[in-house]
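Here the structure comes first, spelled out in structure tokens, and everything after it is commentary.
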Amino acid sequence: MGAPVIENFIRFIMSNFTLTFLVIGLVFSAVAIARAPRPRSGAVVVEKLISWFIFWTIGVLYTYNFIFHVFFGQMAAAFIGWSDSPFQLEVGMASLGCGVVGFYAAFRSLEVRVAAILSPAIFMLGAFVGHAYQIRLTHNMAPGNAGIMFYSDIILPLLGFVLLWAQWKAGRPEGGVK
């Protein structure tokens, strides 16, 4: 495997961080489910899925977004196809807030998890509308405005809501969170 292949792979992972952190969360969930005592109830499976989903796709993802927008604002703006502006700091700080709540909520109650998923979901769904508008109006097909990032703005909130519903239906496993 040559250096350009590795460089392109790393660039893909870093540029498509929403997909990257979703996949990592699924891997952590699979390991946690495999390590859970048998028989594994539906509640245990859902608990592992939602815990690691929130940890990785809200906690880590939004902390990454904070770093990207605050410390690499020009790069973040170019990635989205925009000009750099002081707004990068505001997006970054909002992302940090979502990230911190995600870390806090990952292994907490359903009610805390609702709050942790709801705020980023509203942000992402709003971003989806904004990106769709930019694609239509200015034909902005920059990687941070279209492609995986664009679809993540719909898929991640929907997946979060499905997991919340599944936890509500299944309840918490006996003995609480582990």
Side-chain angles (χ1 to χ4, degrees), residues 9-69 79 91-132 143-178:
F9 179 71
I10 291 170
R11 181 173 284 118
F12 177 83
I13 287 172
M14 301 292 283
S15 298
N16 295 293
F17 60 92
T18 54
L19 176 63
T20 299
F21 294 132
L22 174 62
V23 169
I24 293 171
L26 290 172
V27 169
F28 269 70
S29 297
V31 170
I33 292 166
R35 295 184 64 191
R38 293 177 191 248
R40 294 177 199 101
S41 67
V44 168
V45 171
V46 170
E47 174 65 30
K48 304 305 182 191
L49 287 168
I50 196 168
S51 295
W52 292 112
F53 173 83
I54 292 172
F55 183 89
W56 283 100
T57 63
I58 297 175
V60 176
L61 186 151
Y62 278 92
T63 301
Y64 181 91
N65 205 45
F66 156 73
I67 293 166
F68 196 47
H69 281 281
F79 180 67
V91 170
M93 296 311 293
S95 293
L96 179 60
C98 289
V100 168
V101 171
F103 287 129
Y104 176 77
F107 305 99
R108 302 281 191 245
S109 69
L110 176 63
E111 292 80 12
V112 176
R113 289 172 173 176
V114 168
I117 289 174
L118 188 59
S119 181
I122 291 169
F123 174 79
M124 291 181 101
L125 293 170
F128 175 81
V129 171
H131 293 310
N145 197 65
I148 289 174
M149 300 301 289
F150 179 73
Y151 295 108
S152 294
D153 286 342
I154 287 287
I155 293 167
L156 293 180
L158 292 178
L159 185 54
F161 292 138
V162 166
L163 288 169
L164 285 170
W165 175 82
Q167 186 182 21
W168 176 74
K169 290 293 278 182
R172 296 299 288 263
E174 296 268 335
V177 181
K178 293 186 180 177

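Note: hydrogens, waters and symmetry copies are ignored here, and every other heavy atom, side chains too, is used.
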Minimum side-chain heavy-atom gap [X]-[Y] below 4.5 Å:
| X | Y | answer |
| --- | --- | --- |
| Met149 | Phe17 | yes |
| Leu156 | Leu61 | yes |
| Leu22 | Leu159 | yes |
| Pro143 | Ser15 | no |
| Leu110 | Leu164 | yes |

What distance separates [X] [atom1] from [Y] [atom2], expressed to the nearest 0.5 Å?
| X | Y | atom1 | atom2 | answer |
| --- | --- | --- | --- | --- |
| Leu96 | Ile67 | CG | CD1 | 9.0 Å |
| Asp153 | Leu158 | CG | CG | 11.0 Å |
| Ser109 | Gln167 | OG | CD | 8.5 Å |
| Met124 | His131 | CE | NE2 | 8.5 Å |
| Ile24 | Leu19 | CD1 | CG | 9.5 Å |
| Thr18 | Phe150 | OG1 | CZ | 12.5 Å |

- Criterion ring pair (Phe, Tyr, Trp, His ring centres under 6.0 Å) on Tyr64 and Phe21, from CA distance to verdict: CA-CA 10 Å; Tyr64 181 91; Phe21 294 132; 5.6 Å; yes

For the student: nearest non-hydrogen atoms of [X] and [Y], plus distance:
| X | Y | result |
| --- | --- | --- |
| Pro120 | Ile117 | CD-O, 3.5 Å |
| Val46 | Ala170 | CG2-CB, 4.4 Å |
| Ala116 | Ile54 | CB-CG2, 4.4 Å |
| Lys48 | Ala36 | CE-CB, 4.5 Å |

- Task: Check the pair Val101, Val112 against side-chain contact (heavy atoms from CB on, under 4.5 Å), reporting the backbone distance first and the verdict last.
- Result: CA-CA 9 Å; Val101 171; Val112 176; 5.7 Å; no

- Message: Check this for me: Phe161, atom CZ, are more than 12 non-hydrogen atoms of other residues, nucleotides or ligands nearer than 6.0 Å?
- Response: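 Yes, the 6.0 Å shell around CZ holds more than 12 heavy atoms from other groups.
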
- Item | The single option from Ile148, Ile155, Ile154 passing side-chain contact (heavy atoms from CB on, under 4.5 Å) against Ser152 | Ile148

- Message: Parallel, tilted or perpendicular: which one describes the rings of Tyr62 and Phe123, with boundaries at 30° and 60°?
- Response: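 Perpendicular, since the angle between the ring planes exceeds 60°.
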
- Item | Arg113 backbone acceptor or donor facing Arg108 side chain under 3.5 Å |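 A pair under 3.5 Å: no.
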
- Task: Please answer whether the main-chain N or O of Trp52 pairs with a side-chain N or O of Ser29 as donor and acceptor at a distance below 3.5 Å.
- Result: no

- Task: Evaluate the side-chain contact (heavy atoms from CB on, under 4.5 Å) criterion for residues Tyr104 and Val100: first the C-alpha distance (whole Å), next the side-chain angles of each, then the deciding distance (0.1 Å), finally the verdict.
- Result: CA-CA 6 Å; Tyr104 176 77; Val100 168; 5.6 Å; no

